[in-house]
Every structure is written in structure tokens, then in C-alpha cells.
Amino acid sequence: MTALHQLTLAEIHQGLAQKDFSSREITQHLLDRIRSLDKTYNCFITLDKKGALEAADAADSLLAKGSEGALLGVPFAHKDIFCTNGIRTSCGSKMLDNFVPPYDATVVAKLKNQGVVMLGKTNMDEFAMGSSNETSFYGAVKNPWDTNRVPGGSSGGSAAAIAARLTPAATGTDTGGSIRQPAALCGITGLKPTYGRVSRYGMIAFASSLDQGGPMARTAEDAAILLNAMAGYDNKDSTCTDIPVPDYTAELTQPLKGLRIGLPREYFDERLNEDMAQTVHCALAELEKLGATLIDVDLPNSALSVPAYYVIAPAEASSNLSRFDGVRYGYRCNDPKDLEDLYTRTRSEGFGDEVKRRILIGTYALSAGYYDAYYRKAQQIRRLINQDFVSAFEQVDIIAGPTSPSPAFKFGSKNNDPVSMYLEDIYTIAVNLAGLPGMSIPAGIVDKMPVGLQLVGNYFAEAKLLNVAHQYQTVTDWHKASPID
Amino acid sequence: MSITPDEIIATAKLAKLQVDDKDISEVTERISAILELVDQMQAIDTSEIQPMANVLDAVQYLRPDTIVEPDNKILRRDQFQQIAPATDEGLYLVPKVIE
């Protein structure tokens with residue numbers, strides 16, 4: 001029999017239904033693995049062993065009574081950006097090191113209602129600001145494929161935990177690539193839904209017009225099962241869209257004959273490492289064999305996505321993070337001499353360097369005299385980027401390309417140069433600015449490290465993306481490649 | 001557009017952040033590099049383009065104007081204040097503002 005930690009969500013569901021093992025057995029098995037292996041990888045910030053075993057026992061008694069449900073009794077992890085009632089939620093920051101939310105995020109509540117067993121909270125870049133996990137207050141996560149390399153970020157803890165087989169799946173959030181890039185660098189499957197598809201309530205805000213939560217798992221099938229539970233209207237999030245949620249597993253097996261795949265010329269230029277380009281072309285050839293047609297498309301403004309993003313995201317962050325003032329929750333400096341000192345020292349001591357840098361950029365871009373040159377300009381560029389995608393989707397059904405310009409890089413190689421770190425997200429950021437759904441799926445190995453294929457869909461076309469990803473995964477084995485036994 | 005150390009200090013003040021003297025040149029240098037990246041936007045004429053704030057051009061939802069409150073307000077307040085750095089009888093405490 002396959003080791004319990006190598007099972008996918010769908011296989012765990014089957015095993016539980018057939019009584020091959022109990023939820024308690026697989027939960028205990030994964031908790032034991034985390035205890036022995038996570039000293040090396042640092043994927044988890046907080047574990048909830050007691051809560052996990054209680055939830056597993058509750059699931060086992062429901063299973064014994066004949067209850068079903070694709071997620072009942074299935075072990076799971078949440079990125080530490082999602083508020084969990086009674087369980088510390090740090091967002092990777094000293095500022096929230098002592099923060100125990102008195103409520104659940106909508107996504108957490110929805111998955112809890114489905115009977116998932118939460119093992120713990122995964123490590124991340126501080127306030128989701130980073131592409132390498134090196135900005136976490138709790139230390140960087142190590143990539144299980146090579147512990148000298150970054151796992152990507154900001155959802156690096158979730159991605160690495162799945163790759164190291166410490167959890168079968170986890171939540172992530174994606175503001176500029178934070179689900180897709182770590183999924184690519186750790187060799188797993190990640191989906192950023194359309195902006196508004198998944199509630200942001202209880203998900204600690206970074207850039208509210210870009211942030212979107214989504215599933216991270218081993219397979220597209222598992223991502224579909226999770227999105228079924230996560231998606232949907234929520235009256236607690238005024239940007240959450242009120243349109244029906246389809247069954248994302250229903251279209252997984254549709255044939256790809258006649259599918260038109262757009263290849264943006266700008267995503268295959270000289271910035272892309274040659275081995276990466278070759279790997280992506282091999283993946284595309286597989287999709288062609290399945291009946292898809294490849295068509296060149298243009299996204300002429302895509303080079304402006306990183307510049308526009310580094311105005312919009314910091315501007316929104318500077319506003320969102322103004323709530324951390326040492327008064328109602330979170331860190332407070334010692335012995336403040338007056339209110340100004342309380343605010344300034346709390347924030348200066350509680351935030352890390354990258355977060356402070358982004359607050360400064362955002363504050364500057366929004367300040368009197370600079371608003372038009374920066375913020376308004378960036379919002380205009382955002383529309384141009386959006387129009388590029390609208391035109392492209394008149395010719396094609398999905399867009400495909402690399403997720404990142406290179407495989408996982410070594411620790412310390414980019415963290416002293418913010419601009420080179422920011423360019424790591426060159427292929428993912430435009431998708432957030434346009435609010436489109438995007439996926440990364442494992443598509444090969446370069447330099448012994450996994451490489452991701454990015455798929456981008458039209459608004460609310462998550463089912464199409466999952467269908468293409470699943471069909472690819474039925475004819476290839478890259479998603480089964482594992483850094484450990 | 002490059003930024004000066006004085007502008008960094010002024011911006012930090014607005015953002016309620018302290019930049020230590022020993023860090024100011026490095027912070028200025030890094031933020032200047034980021035602004036240089038951002039300035040690539042200026043090469044494009046966007047005079048005719050409407051700014052885009054929400055990708056779905058969504059409008060704000062309005063909820064029914066009815067009172068929604070928890071059953072036990074005091075208990076809920078206490079739960080929220082349990083995580084506060086300093087409270088007293090339902091109030092959040094901060095350093096004295098008025099002498």
C-alpha cells in the first residue's frame with residue numbers, strides 16, 4: 001500500500017470511505033512526520049495537534065455513521081494569513097506574533113464545515129510581501145527539493161509542506177503570484193481564482209484590489225475539490241461576487257480537442273532561461289497532442305505590470321497596514337512616552353524591513369503632489385494590461401506560459417536587491433492586475449528543480465483551467481515527482 | 001524620479017515609521033531603485049485612459065438596513081479585548097493624550 005503521506009486528497013477520501021485507515025491514523029501520521037521533518041523545512045509557524053486529533057475523531061464518528069463528503073476527515077493546513085478562531089494567526093510578522101483571532105475567516109469556516117482536519121498554520125513572507133519566504137519573522141522555509149534554495153513566496157510554507165508530504169493540501173493567497181510562484185518552485189499545483197470568487201473576509205489584507213485566496217495541492221483534481229468548498233458569495237466581503245459556483249470536478253474529464261491556447265510572445269523572450277523555455281514548450285506539445293491548438297498572442301503592456309504593481313500594491317498596503325497601531329491587538333512597544341511614540345515605535349519594532357519599505361513606497365505614491373504621477377498612472381496602466389488580456393481572449397480560450405523566469409534560486413541571492421526579487425514575479429503579476437484566474441502546474445525539471453507551467457483563464461473560467469490541468473496530469477507524471485520518499 | 005533622504009524621513013513620519021540614521025542611506029538607495037523601476041510607466045501616454053480600480057467594475061453591495069448584533073455584546077466585547085495590549089472596563093488604554 002502507498003504510504004499515507006503520499007496520498008492525494010481524492011485518494012484519502014477513498015481510503016477513509018473504504019475504511020482502509022481512519023482520519024485519526026492519517027492525522028497522527030502527518031503530525032509525526034511534521035515533528036520529525038519540519039525542523040529542517042520550517043513549513044509551519046503553529047501546529048494544532050490537539051485540535052487536529054479532536055477534529056479527526058469527530059470526522060471518524062461521522063464516517064462511521066455513513067456520512068460522506070469529499071473533505072470529511074481529510075488533513076489540511078492553512079496559510080497563516082487566514083484568521084483561525086482560537087489559533088494564533090501571525091501573518092509571518094512580529095506584529096501579530098501574539099494575535100489569537102476571536103473568529104474564523106470565511107474560507108476557514110467553509111472548510112471546517114466540510115470536516116477538514118486542520119494540522120496547523122503555514123509559514124509565509126511577512127504580510128505576504130515577498131517571493132522567497134525570506135521576509136518571514138519565523139525564518140525562511142526551505143525548499144524540500146534542495147534546502148539551500150528558496151521555496152518561493154509568499155505562500156512558501158504551504159507549497160513546501162505539500163511538496164515534503166507533510167500535508168496533502170493547503171490554502172494560499174496570491175496578490176502578485178504568491179500561490180503560483182511557490183507552487184512552481186516546489187513542484188505542486190496551485191490555483192489563484194478570479195478576483196471576487198473566494199471571500200477575503202478574515203484573510204489579513206495586503207493589497208485589497210489584488211488579494212485572492214485559493215487552493216494549493218498535488219493535483220488539479222484536488223484543487224477542484226477544494227475550490228468547490230472555498231468559492232462563493234459572502235456578505236462579509238463586499239468585493240466577493242454573487243454568481244453561482246459550478247461543480248469544478250464536473251468538467252475535469254472534458255477532452256481538449258479544439259482548445260485554443262494563446263502563447264504570449266512577451267513571456268518567451270530573452271528574460272526566460274533557455275532550459276525553462278524548452279521545458280514549457282515540451283509541456284505545450286503534450287497539450288497539442290491532446291487536441292489543443294497553439295496560437296501566438298500579444299500582451300504588449302505586460303512589461304509594465306511589475307512597475308504598475310509596485311505602486312498599486314504598496315499604496316493599498318500602506319493604507320491597510322495603518323491599522324497596526326498597538327492599540328487593539330498585536331504588538332505594542334514597551335513604555336510608550338506618548339501616543340505618537342506608541343504608534344511610531346510599535347510600527348518600527350513590529351514590522352520587518354520589506355514591509356516598512358513597501359509602506360514607505362505606498363505612502364510616498366499617495367502623498368500630495370505624487371498621486372497623479374504614481375497612483376493614477378498605475379491605475380491607467382492597469383486598464384491597458386486588462387485590455388491586452390480582453391483582446392487575447394477574443395482569439396483564444398486560455399493563455400499558457402512559464403510561471404517563473406527560472407527555477408528556485410539560492411537563499412541570499414536576491415534578498416539584498418528588491419528589484420531583482422520583484423522581477424521574479426514578471427509572469428504572474430499581470431494576472432492579478434487584470435483579476436483573472438491563473439494556475440501553476442508541475443511541468444518538468446531543470447537543474448534538478450521543478451518548473452511550473454502557468455495557465456491563465458478568462459474571468460470565472462476556473463473550471464476550464466482545472467480541466468486543462470487535469471488532462472495534462474492524466475498524460476504526464478511531473479505532478480507525481482516527489483523530493484522525498 | 002529619485003528620492004532624497006529628507007523625503008524618506010518626511011514620508012516615514014507620515015507613515016508613523018522611524019528610519020534610524022544609520023539606515024537612511026541604504027533605505028534611500030533601495031527605494032530609489034524601486035522608484036526607478038516604477039518610472040518605466042512614464043514612457044507610456046495614458047492621457048486618454050480611464051484609471052481602473054476594480055477589475056470587474058463592480059459597484060458596492062448594499063445590505064438591508066437592519067440591526068445585526070451578537071446575542072451577548074459584553075461577552076463578545078470581552079473576547080475582542082482579551083487580545084488587546086491594555087484595557088480597562090471595556091475601554092482600550094493608550095498613553096495620556098491631554099495633559
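Every chain is numbered from 1 and lettered A, B, ... according to where its sequence line falls, protein lines coming before strand lines.
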Can you give each donor-acceptor pair under 3.5 Å made by side-chain atoms of residues 302-312 of chain A, sequence neighbours left out, with the distance rounded to 0.1 Å?
{"unit_1": "A:S302", "atom_1": "OG", "unit_2": "A:L299", "atom_2": "O", "d": "3.0"}
{"unit_1": "A:S305", "atom_1": "OG", "unit_2": "A:S302", "atom_2": "O", "d": "2.8"}

Point to revise | Proximity breakdown for A:T346 and chain B, heavy-atom pairs closer than 4.5 Å | key: neither

Check your understanding: Where on A:L321 is there a heavy atom nearer than 4.5 Å to chain B: the side chain, the backbone, both, or neither?
Key -> neither

Check your understanding: Is B:T46 close to A:R376 at the side-chain level, that is, under 4.5 Å between some pair of heavy atoms?
Key -> no

Practice item. Could you tell me which portion of B:I31 (side chain, backbone, both or neither) has an atom closer than 4.5 angstrom to a non-hydrogen atom of chain A? Key: side chain

Exercise for review: Kindly indicate, with the supporting measurements, whether the criterion side-chain contact (heavy atoms from CB on, under 4.5 Å) is fulfilled by B:L17 and A:T344.
Suggested key: CA-CA 5 Å; B:L17 289 172; A:T344 305; 5.8 Å; no

Exercise for review: Could you check A:Q380 against B:M41 for side-chain contact (heavy atoms from CB on, under 4.5 Å), going step by step and ending with a plain yes or no?
Suggested key: CA-CA 10 Å; A:Q380 289 169 317; B:M41 295 192 305; over 6 Å; no

Review point. Under 3.5 Å, is there a donor-acceptor pair between the A:S348 and B:Q18 side chains?
Key: no

**Study point:** Side chain, backbone, both or neither of A:P418 within contact of chain B (heavy atoms, under 4.5 Å)
**Key:** side chain

Review point. Got a sec, which residues hit salt bridge (charged side-chain N to carboxylate O under 4.0 Å, His left out) with A:D237, two or more places apart in sequence or on another chain?
Key: A:R200

Check your understanding: Tell me, side chain or backbone of A:Y233 under 4.5 Å from chain B's heavy atoms, or both, or neither?
Key -> side chain

Review point. Step by step, would you call A:Y370 with B:E7 a side-chain contact (heavy atoms from CB on, under 4.5 Å)?
Key: CA-CA 12 Å; A:Y370 295 108; B:E7 285 175 302; 3.0 Å; yes

Check your understanding: Got a sec, which pairs hit salt bridge (charged side-chain N to carboxylate O under 4.0 Å, His left out) with one end in residues 356-373 of chain A, sequence neighbours left out?
Key -> A:E354-A:R357, A:E354-A:R358

Practice item. Check whether A:L360 gets within reach of chain B through its side chain, its backbone, both or neither, counting any heavy atom under 4.5 Å. Key: both

**Study point:** Polar side-chain atom of A:R328 near backbone of B:A84 as donor-acceptor pair, under 3.5 Å
**Key:** no

Check your understanding: How far apart are the C-alpha atoms of B:Q82 and A:Y329, what are their side-chain angles, what is the distance that settles it, and do they pass the side chain to side chain donor-acceptor pair (under 3.5 Å) test?
Key -> CA-CA 9 Å; B:Q82 219 168 24; A:Y329 53 86; over 6 Å; no

Exercise for review: Give a yes-or-no answer on whether the side chains of A:Y374 and B:Q42 include a donor-acceptor pair shorter than 3.5 Å.
Suggested key: no

**Study point:** B:P85 backbone acceptor or donor facing A:R332 side chain under 3.5 Å
**Key:** no

Check your understanding: What do the steps show when you test B:N54 against A:Y195 for side-chain contact (heavy atoms from CB on, under 4.5 Å), and what is the final call?
Key -> CA-CA 9 Å; B:N54 180 291; A:Y195 182 79; 4.1 Å; yes

**Study point:** Closest non-hydrogen atom pair, A:T363 against B:A15
**Key:** OG1-CB, 3.5 Å

Exercise for review: Sort A:F460 into side chain, backbone, both or neither according to what part of it lies under 4.5 angstrom from a heavy atom of chain B.
Suggested key: side chain

**Study point:** Members of residues 21-30 of chain B whose heavy atoms come closer than 4.5 Å to chain A
**Key:** B:V27, B:R30

